[in-house]
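In what follows, a single structure is set out as structure tokens and then discussed.
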Amino acid sequence: MKDIYEMPGHLVRRFQQIAVAIFHAEVGEAGSDMTPVQYAALVTLIKNPGIDQATLAGLIGYDRTTIGGVVDRLVQKNLASREVNGRDRRARSLRITQEGIETVERLEPAVLAAQKIMVRGLSEQEAETLIYLLAKAINDANDLSRAPLRSPGSPDLG
């Protein structure tokens with residue numbers, strides 16, 4: 001029987017647990033309770049103002065049915081806003097607020113520090129290779145995900 005410590009699924013799950021713990025520790029030291037998905041959503045809203053929730057979910061690879069709760073918390077914290085979409089009155093356009101931009105800017109050093117801590121046992125070359133290989137594996141298996149990552153021009157977006 002193959003050892004679980006040689007199985008990519010087990011290793012990736014463990015690495016994700018470690019990554020989230022490191023993110024929370026670093027961002028917590030910076031005085032925030034921001035989650036990794038909230039941070040990803042805010043950064044995505046900076047780059048894509050006015051997108052809807054379904055598009056946001058696709059751009060960060062998050063489940064469409066639970067992105068609403070993430071957005072609700074960002075709106076409650078005054079980090080993002082929802083506005084009626086001019087093209088579709090049923091849809092809501094999302095925008096990052098000035099407070100949200102300032103929060104991202106304030107937390108960016110902590111987030112970058114967390115990324116370095118996650119790969120601290122690797123050389124710079126090994127860290128680059130890890131990221132390259134993870135991205136390659138993810139890109140190939142993206143369509144198998146419950147929440148596939150979508151590019152901004154993808155026809156599958158909301």
Side-chain angles (χ1 to χ4, degrees), residues 1-28 32-77 79-85 87-97 100 103-104 107-108 110-112 114-119 122 126-158:
M1 178 176 290
K2 190 165 183 158
D3 191 323
I4 62 169
Y5 303 109
E6 296 175 2
M7 295 180 177
H10 177 75
L11 294 172
V12 168
R13 181 189 63 80
R14 283 292 299 138
F15 191 74
Q16 198 270 344
Q17 288 175 318
I18 292 164
V20 169
I22 292 168
F23 182 95
H24 283 292
E26 292 300 306
V27 168
S32 177
D33 64 350
M34 178 86 49
T35 67
V37 71
Q38 290 171 350
Y39 185 83
L42 289 177
V43 169
T44 302
L45 289 177
I46 289 172
K47 296 178 181 181
N48 302 278
I51 59 175
D52 62 23
Q53 286 185 185
T55 302
L56 175 61
L59 291 175
I60 63 174
Y62 204 72
D63 189 297
R64 290 172 89 166
T65 60
T66 54
I67 193 69
V70 172
V71 172
D72 287 345
R73 285 184 286 286
L74 293 174
V75 169
Q76 288 168 359
K77 293 178 178 183
L79 302 176
S81 67
R82 283 190 187 103
E83 303 163 0
V84 174
N85 184 314
R87 291 175 282 147
D88 180 354
R89 298 200 51 81
R90 295 170 298 161
R92 300 290 180 259
S93 298
L94 304 173
R95 298 197 183 280
I96 190 168
T97 63
T103 298
V104 168
L107 294 179
E108 185 176 31
V111 171
L112 295 177
Q115 307 314 299
K116 286 184 180 181
I117 294 168
M118 290 172 204
V119 294
L122 305 177
E126 288 171 329
E128 288 175 8
T129 300
L130 174 66
I131 292 166
Y132 169 79
L133 292 173
L134 284 171
K136 184 176 182 180
I138 290 165
N139 286 336
D140 184 66
N142 185 51
D143 62 326
L144 303 175
S145 173
R146 283 183 340 148
L149 191 64
R150 303 286 182 213
S151 64
S154 172
D156 295 325
L157 290 175

message: Quick check for you: to the nearest 0.5 Å, what is the distance between K136 atom NZ and L134 atom CG?
response: 12.5 Å

task: For the residue pair R13 and Q16, confirm or rule out a side-chain donor-acceptor distance under 3.5 Å.
output: no

- prompt: In Å, rounded to the nearest 0.5 Å, how long is the span from OH of Y39 to OG1 of T103?
  reply: 10.5 Å

query: Ignoring hydrogens and geometry, is there a side-chain-to-backbone donor-acceptor pair from D52 to R92 under 3.5 Å?
result: no

- request: Check side-chain hydrogen bond (donor to acceptor under 3.5 Å, both in side chains) between H24 and all other residues, then give those that pass, not counting sequence neighbours.
  value: none

- prompt: Checking side chain to side chain contact (heavy atoms under 4.5 Å, CB included) for the pair V111/Q115: CA distance, chi angles, key distance, verdict?
  reply: CA-CA 6 Å; V111 171; Q115 307 314 299; 3.8 Å; yes

- prompt: Could you walk me through whether I138 and L149 pass the side chain to side chain contact (heavy atoms under 4.5 Å, CB included) check?
  reply: CA-CA 9 Å; I138 290 165; L149 191 64; 5.6 Å; no

message: Holding to salt bridge (charged side-chain N to carboxylate O under 4.0 Å, His left out), I want the full list of residues that pass it with E128, two or more places apart in sequence or in another chain.
response: none

query: For D72 and R82, what are the C-alpha separation, side-chain angles and deciding distance, and is it a salt bridge (charged side-chain N to carboxylate O under 4.0 Å, His left out)?
result: CA-CA 9 Å; D72 287 345; R82 283 190 187 103; 2.4 Å; yes

message: Between I67 and I60, is there a side-chain heavy-atom distance shorter than 4.5 Å?
response: yes

message: Using 0.5 Å steps for rounding, measure from the CD atom of E126 to the OG1 atom of T129.
response: 7.5 Å

- line: Note: R64 and A54 closest approach over all heavy atoms is NH2-CB, 3.0 Å

task: Taking only Lys NZ, Arg NE, NH1 and NH2, and the carboxylate oxygens of Asp or Glu, determine whether D33 and R73 approach each other closer than 4.0 Å.
output: no

- request: Looking only at non-hydrogen atoms, find the nearest pair between A114 and F23 and report the distance.
  value: CB-CA, 4.1 Å

message: Using side chain to side chain contact (heavy atoms under 4.5 Å, CB included), reason through L79 and M34 one step at a time and then give a plain yes or no.
response: CA-CA 11 Å; L79 302 176; M34 178 86 49; 3.8 Å; yes

- request: Please name the pair of heavy atoms, one in L74 and one in A41, separated by the smallest distance, quoted to 0.1 Å.
  value: CD1-CB, 3.9 Å

- prompt: Are the side chains of P148 and D143 in touch, meaning some heavy atoms are under 4.5 Å apart?
  reply: no

CG-CD1 distance between L112 and I117, expressed to the nearest 0.5 angstrom: 11.0 Å

field: Spacing of CD belonging to Q38 relative to NZ belonging to K77, to within rounding of 0.5 Å
entry: 4.0 Å

- request: Not counting sequence neighbours, which residues clear salt bridge (charged side-chain N to carboxylate O under 4.0 Å, His left out) with R95? List them please.
  value: E83

query: Are any side-chain N or O atoms of S93 and backbone N or O atoms of I51, one a donor and one an acceptor, separated by less than 3.5 Å?
result: no

- request: Can you spot which of V43, N48, L45 makes a side-chain contact (heavy atoms from CB on, under 4.5 Å) with I96?
  value: L45

message: Can a donor-acceptor pair be found, under 3.5 Å and without considering hydrogens, that links the side chain of E6 to the backbone of K2?
response: no

- request: Give, for atom NE2 of H10 and atom CD1 of I4, the distance between the pair rounded to the nearest 0.5 Å.
  value: 4.0 Å

message: Using a 3.5 Å distance criterion without hydrogens, assess whether the side chain of N139 forms a donor-acceptor pair with backbone atoms of A135.
response: yes

message: Whether R146 and D63 form a salt bridge (side-chain N of Lys/Arg under 4.0 Å from carboxylate O of Asp/Glu) is what I want to check.
response: yes

query: With a 4.5 Å limit on heavy-atom distance, are the side chains of Y5 and R14 in contact?
result: no

- request: Report the C-alpha separation of L107 and E26 in whole Å, then their side-chain angles, then the decisive distance to 0.1 Å, and conclude whether the side chain to side chain contact (heavy atoms under 4.5 Å, CB included) test is met.
  value: CA-CA 9 Å; L107 294 179; E26 292 300 306; over 6 Å; no

- prompt: Taking T44 for the side chain and A40 for the main chain, is one N or O donor matched with an acceptor at less than 3.5 Å?
  reply: yes

